[in-house]
J.: 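Quick one: the structure is below, and I'll ask about it shortly.
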Amino acid sequence: RSVWAPADPCRERPRLRPDPARIRALTLFWHSQCYGERMKLLRHLAGYLPVNIASGIAAFGGVYVYTRLLGPEDYGRYALMFSVMTMVHMLSMTSAEAAAFRFAGKAKGKQSLPDHFRTTLSLTFRSLIVAALLIGALALALGRLPEYLKILPWIALLIPVNSMIQMALESHRANENVGRYALIAT
């Protein structure tokens with residue numbers, strides 16, 4: 001072999017060895033003694049599958065319909081304000097939704113789900129104050145753009161509705177109520 005010839009990368013690559021502990025864990029999981037857990041996982045995943053498929057079809061169909069119904073300027077305005085609504089929701093409401101999911105299992109174990117939901121609703125209303133302030137600041141920033149100002153009331157209406165739906169979904173998912181989750185999500 002010539003000194004100037006490139007080395008064969010396939011022969012000189014170090015051999016990667018799989019982690020024996022991980023292989024053992026996967027083997028135990030798929031072994032017959034873990035059949036119940038495996039079936040529970042598969043039922044759980046199969047329960048969420050129709051919801052995920054319906055969500056993807058609705059998102060794709062929504063883009064298709066909106067691009068056909070709206071002109072380029074209107075669709076751009078819709079897309080921009082939808083992004084703004086998502087940002088306002090993320091900045092103000094996501095923490096309340098995460099709390100609904102994170103502490104639902106603990107509350108169920110302590111038999112204190114009503115207290116959990118009261119606390120979550122209290123946090124949601126406080127988050128709505130932050131969302132209202134953000135929407136107010138947005139209204140001031142868009143003062144000279146009336147076509148965008150027409151969309152702001154819809155954003156102000158959709159943020160609390162979306163948050164309540166998301167909290168219900170997160171609570172059902174945390175309690176592993178796949179049927180109720182699928183009913184609300186679709």
J.: Identify the two heavy atoms, one from A96 and one from T124, that lie closest to each other, and give their separation to 0.1 Å.
T.: CB-OG1, 3.8 Å
J.: With sequence neighbours excluded, tell me which residues meet salt bridge (Lys or Arg N to Asp or Glu O under 4.0 Å) with R102.
T.: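 With sequence neighbours excluded, R102 shows a salt bridge (Lys or Arg N to Asp or Glu O under 4.0 Å) to no residue whatsoever.
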J.: Using side chain to side chain contact (heavy atoms under 4.5 Å, CB included), reason through I155 and V88 one step at a time and then give a plain yes or no.
T.: CA-CA 9 Å; I155 290 176; V88 168; 5.5 Å; no
J.: Measure across V130 and S92 and return the closest heavy-atom pair with its distance rounded to 0.1 Å.
T.: CG1-CB, 3.9 Å
J.: Before you tell me yes or no, could you show the steps for L121 and M164 under side chain to side chain contact (heavy atoms under 4.5 Å, CB included), namely the whole-Å CA-CA distance, both residues' side-chain angles and the distance that decides it to 0.1 Å?
T.: CA-CA 9 Å; L121 283 175; M164 292 298 166; 3.8 Å; yes
J.: Cluster question for you: counting only ILVMFWY and a side-chain heavy-atom cut-off of under 4.5 Å, with indirect links fine, are L123 and F117 together?
T.: no
J.: Starting from W154, can I reach F82 by hopping between I/L/V/M/F/W/Y residues whose side chains sit under 4.5 Å apart?
T.: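 No, F82 does not connect to W154 through the hydrophobic network.
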J.: For Y48, I'd like to know if atom OH has over 12 heavy atoms of other residues, nucleotides or ligands within 6.0 Å.
T.: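 Enclosed.
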J.: How far does CZ of R77 sit from CG of L145, to the nearest 0.5 angstrom?
T.: 9.0 Å
J.: Does the side chain of D74 reach to within under 4.5 Å of the side chain of E147, using non-hydrogen atoms?
T.: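 With C-beta onward as the side chain, the pair stays apart.
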J.: Provide the closest heavy-atom pair for Y75 versus L70 in the form atom of the first, atom of the second, distance.
T.: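 Answer, listing the atom of Y75 first, then L70: N-CB, 3.9 Å.
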J.: If two hydrophobic side chains count as joined below 4.5 Å and joins carry through other members, does F101 share a cluster with M167?
T.: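 No, F101 does not connect to M167 through the hydrophobic network.
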J.: Of all the heavy-atom pairs spanning H89 and I159, show the shortest one and how long it is.
T.: CD2-O, 4.2 Å
J.: Give the C-alpha distance, both sets of side-chain angles, the deciding distance and a yes or no for side chain to side chain contact (heavy atoms under 4.5 Å, CB included) between L142 and M81.
T.: CA-CA 11 Å; L142 296 175; M81 292 308 282; 4.0 Å; yes
J.: Rounded to the nearest 0.5 Å, what separation is found between the CG atom of L128 and the CG atom of L134?
T.: 11.5 Å
J.: Among the clusters formed by ILVMFWY side chains lying less than 4.5 Å apart, do L133 and V84 turn up in the same one?
T.: no
J.: After noting the C-alpha distance and the side-chain angles of L80 and Y148, does the key distance pass the side chain to side chain contact (heavy atoms under 4.5 Å, CB included) rule?
T.: CA-CA 9 Å; L80 181 65; Y148 288 99; 3.8 Å; yes
J.: As an exercise, state the distance from CG of L113 to CD of Q111, rounded to the nearest 0.5 Å.
T.: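 Answer rounded to 0.5 Å: 7.5 Å.
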J.: Can you give me the closest heavy-atom contact between S127 and M93, atom names plus distance?
T.: CB-SD, 3.5 Å
J.: From S112 OG over to R118 CZ, what is the distance, rounded to the nearest 0.5 angstrom?
T.: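 Going from the OG atom of S112 to the CZ atom of R118 covers 9.5 Å.
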J.: Hey, what do you get for CZ (F103) to OG1 (T119), rounding to the nearest 0.5 Å?
T.: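 One gets 10.5 Å once the value is rounded to the nearest 0.5 Å.
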J.: At their closest point, which heavy atom of A100 faces which heavy atom of H116, and how far apart are they?
T.: O-NE2, 3.3 Å
J.: CG/L158 to CD1/I165 distance, rounded to the nearest 0.5 angstrom?
T.: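 Answer rounded to 0.5 Å: 9.0 Å.
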